[in-house]
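So the structure is just underneath, and the comments pick up after that.
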Amino acid sequence: MNHHTRITILLSALALSIQSFAQSTDAYRASIDSWHRARTENLKKENGWLNLAGLFWLQEGSNSFGSDSTQAVVFPKGSIPAHAGYFVRKGNTVSLLTQPGVRITIQDTVVTDRIIFQPDSIRTPVLAYGSLRWSVIKREDRIGIRLRDLKSKELEHFKGIDRYPVNTAWRTTAKLETSGQPGRISITNVLGQTNLQNAAGKLVFTLRGKTYTLDVLDEGEEELFIVFADATNATGTYPSGRFLYIPRPDAQGNTVIDFNKAYNPPCAFTPFATCPLPPPQNRLSLAITAGEKNYGKHGTGR
């Protein structure tokens with residue numbers, strides 16, 4: 001084989017390698033784009049975050065509700081009768097009592113007097129009236145009505161979420177370090193409530209030549225959950241931090257962290273969510289210019 005032939009072979013191999021890398025990068029970007037499209041479609045669904053219309057904390061005893069401003073729980077004007085009925089809280093149990101002629105349904109069945117929440121219930125029912133949907137949520141000692149409007153203006157005006165360009169540099173291998181014993185992490189939410197969450201361990205990874213760690217929550221069968229903050233929160237991303245899921249590690253603790261999938265918490269879209277905040281140890285000094293940028297100006301929820 002002469003010198004020119006060897007050079008030709010090497011150049012051909014290099015060209016094939018570059019082409020293969022470009023195709024791999026394009027496929028990766030396409031996969032992130034597909035993931036993001038699915039993410040935004042989920043936001044628009046009936047159980048998404050764009051249609052939230054209210055969050056009302058119930059007092060012990062009878063709480064009147066309807067569209068009139070004199071009610072204890074005020075639904076949007078014109079969406080329901082002025083006085084529709086009562087939410088009755090007795091400890092951790094909530095019942096619904098309706099006014100005569102008010103057709104509130106659960107799965108198309110009209111309800112007039114029914115327990116709609118109790119602590120040991122497997123599933124909390126969704127109640128409906130017109131375009132409204134609501135259910136009961138519990139946050140420690142607080143119990144409230146989470147209201148949705150399927151004709152929400154937020155839903156109508158939603159045009160998508162800005163994000164940083166997909167960049168493979170923000171996808172890196174990582175190792176989950178565990179103590180061998182189940183751990184717990186203190187997590188505070190936007191209501192100021194702090195409780196212990198199940199911890200999967202500490203994720204160790206390297207970006208731009210520096211090693212970082214993030215505490216990881218154990219919330220799913222196939223994925224682990226991270227609530228983190230970084231240096232972009234004051235400028236381009238949601239001020240209170242973002243969320244990220246990672247694959248469960250293999251037997252050696254190896255996994256991948258991909259900041260191109262970092263996304264806004266529900267509180268970026270609505271003031272009626274109760275989002276967890278990043279713990280102090282999950283506040284990175286690095287600016288993570290990847291994933292979703294800030295959306296709207298809803299503060300930090302309530």
Side-chain angles (χ1 to χ4, degrees), residues 39 42 49 55 57 92 119 137-144 146 170-207 210-234 237-288 290-292 294 298-302:
R39 146 91 173 145
N42 284 334
W49 295 108
L55 177 58
W57 300 112
N92 286 331
I137 65 170
K138 187 176 188 297
R139 298 293 183 266
E140 294 190 11
D141 62 337
R142 303 179 76 174
I143 295 179
R146 169 168 281 165
W170 292 110
R171 182 181 187 272
T172 185
T173 56
K175 192 173 187 67
L176 186 69
E177 296 183 347
T178 63
S179 63
Q181 299 292 329
R184 306 276 270 175
I185 304 174
S186 291
I187 297 291
T188 300
N189 64 23
V190 296
L191 302 176
Q193 299 170 329
T194 301
N195 55 65
L196 294 175
Q197 305 273 342
N198 292 331
K202 189 176 293 292
L203 193 70
V204 183
F205 57 96
T206 300
L207 284 172
K210 187 174 179 179
T211 299
Y212 298 91
T213 65
L214 287 169
D215 280 359
V216 181
L217 298 175
D218 193 348
E219 287 196 358
E221 294 184 2
E222 297 182 358
E223 296 179 304
L224 301 175
F225 183 57
I226 302 171
V227 184
F228 76 97
D230 70 276
T232 67
N233 296 154
T237 61
Y238 186 62
S240 296
R242 290 179 288 172
F243 295 169
L244 179 63
Y245 279 95
I246 62 169
R248 280 191 172 273
D250 61 20
Q252 287 71 46
N254 298 315
T255 185
V256 171
I257 185 168
D258 191 346
F259 286 103
N260 291 293
K261 291 185 175 181
Y263 67 96
N264 287 314
C267 292
F269 305 98
T270 175
F272 306 122
T274 59
C275 306
L277 300 171
Q281 65 270 29
N282 278 11
R283 297 183 178 275
L284 302 175
S285 58
L286 179 67
I288 305 292
E292 291 184 354
N294 196 8
H298 294 289
T300 56
R302 64 169 178 259

Just grab all the salt bridge (charged side-chain N to carboxylate O under 4.0 Å, His left out) pairs involving [range], residues at least two apart or on different chains.
range: residues 247-257; value: D218-R248
range: residues 265-276; value: none
range: residues 256-279; value: R171-D258

Between [atom1] of [X] and [atom2] of [Y], what distance do you get to the nearest 0.5 Å?
X: L207; Y: I288; atom1: CG; atom2: CD1; result: 5.5 Å
X: L224; Y: L176; atom1: CG; atom2: CG; result: 6.5 Å
X: N294; Y: N233; atom1: CG; atom2: CG; result: 9.0 Å
X: I137; Y: I143; atom1: CD1; atom2: CD1; result: 10.0 Å
X: S186; Y: L196; atom1: OG; atom2: CG; result: 4.5 Å
X: L244; Y: I257; atom1: CG; atom2: CD1; result: 5.0 Å

Evaluate the side chain to side chain contact (heavy atoms under 4.5 Å, CB included) criterion for residues V256 and T172: first the C-alpha distance (whole Å), next the side-chain angles of each, then the deciding distance (0.1 Å), finally the verdict. CA-CA 6 Å; V256 171; T172 185; over 6 Å; no

Looking at every heavy atom in both [X] and [Y], which two are closest together, and how far apart are they?
X: W57; Y: R142; result: CD1-NH2, 3.0 Å
X: E292; Y: R242; result: O-NH1, 3.1 Å
X: K210; Y: S285; result: NZ-OG, 4.2 Å
X: I185; Y: A199; result: CG1-CB, 3.4 Å
X: S240; Y: L277; result: CB-CD2, 3.9 Å
X: W49; Y: A273; result: CZ3-CB, 4.3 Å

Do L284 and L214 make a side-chain contact, defined as non-hydrogen atoms from C-beta onward lying under 4.5 Å apart?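 They are in contact (side-chain heavy atoms under 4.5 Å apart), so the answer is yes.
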
Quick one: side-chain contact (heavy atoms from CB on, under 4.5 Å) partners of [X], sequence neighbours excluded?
X: P276; answer: I187, V227, F243
X: T188; answer: T194
X: E140; answer: Q193, N195
X: T211; answer: V204, T206

Got a sec, which residues hit ring-ring contact (aromatic ring centres under 6.0 Å, His included) with F259, two or more places apart in sequence or on another chain?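 Result, ring-ring contact (aromatic ring centres under 6.0 Å, His included) vs F259: F205, F228.
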
Got a donor-acceptor contact below 3.5 angstrom from the [X] side chain to the [Y] backbone?
X: N264; Y: C267; result: no
X: N260; Y: G291; result: no
X: T255; Y: P247; result: yes
X: K202; Y: K175; result: no

List the residues meeting side-chain hydrogen bond (donor to acceptor under 3.5 Å, both in side chains) with T232, not counting sequence neighbours, and say none if there are none.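 Residues passing side-chain hydrogen bond (donor to acceptor under 3.5 Å, both in side chains) with T232: D230, T237.
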
For N254, which residues count as a side-chain hydrogen bond (donor to acceptor under 3.5 Å, both in side chains) partner, sequence neighbours excluded?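 N254 satisfies side-chain hydrogen bond (donor to acceptor under 3.5 Å, both in side chains) with no other residue.
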
Does any pair with a residue in residues 275-284 pass side-chain hydrogen bond (donor to acceptor under 3.5 Å, both in side chains), and if so which ones, sequence neighbours excluded?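 Pairs touching residues 275-284 that pass the test: D215-Q281.
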
Side chains of N198 and R184: donor-acceptor distance under 3.5 Å anywhere?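 Distance-only check passes for N198 and R184.
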
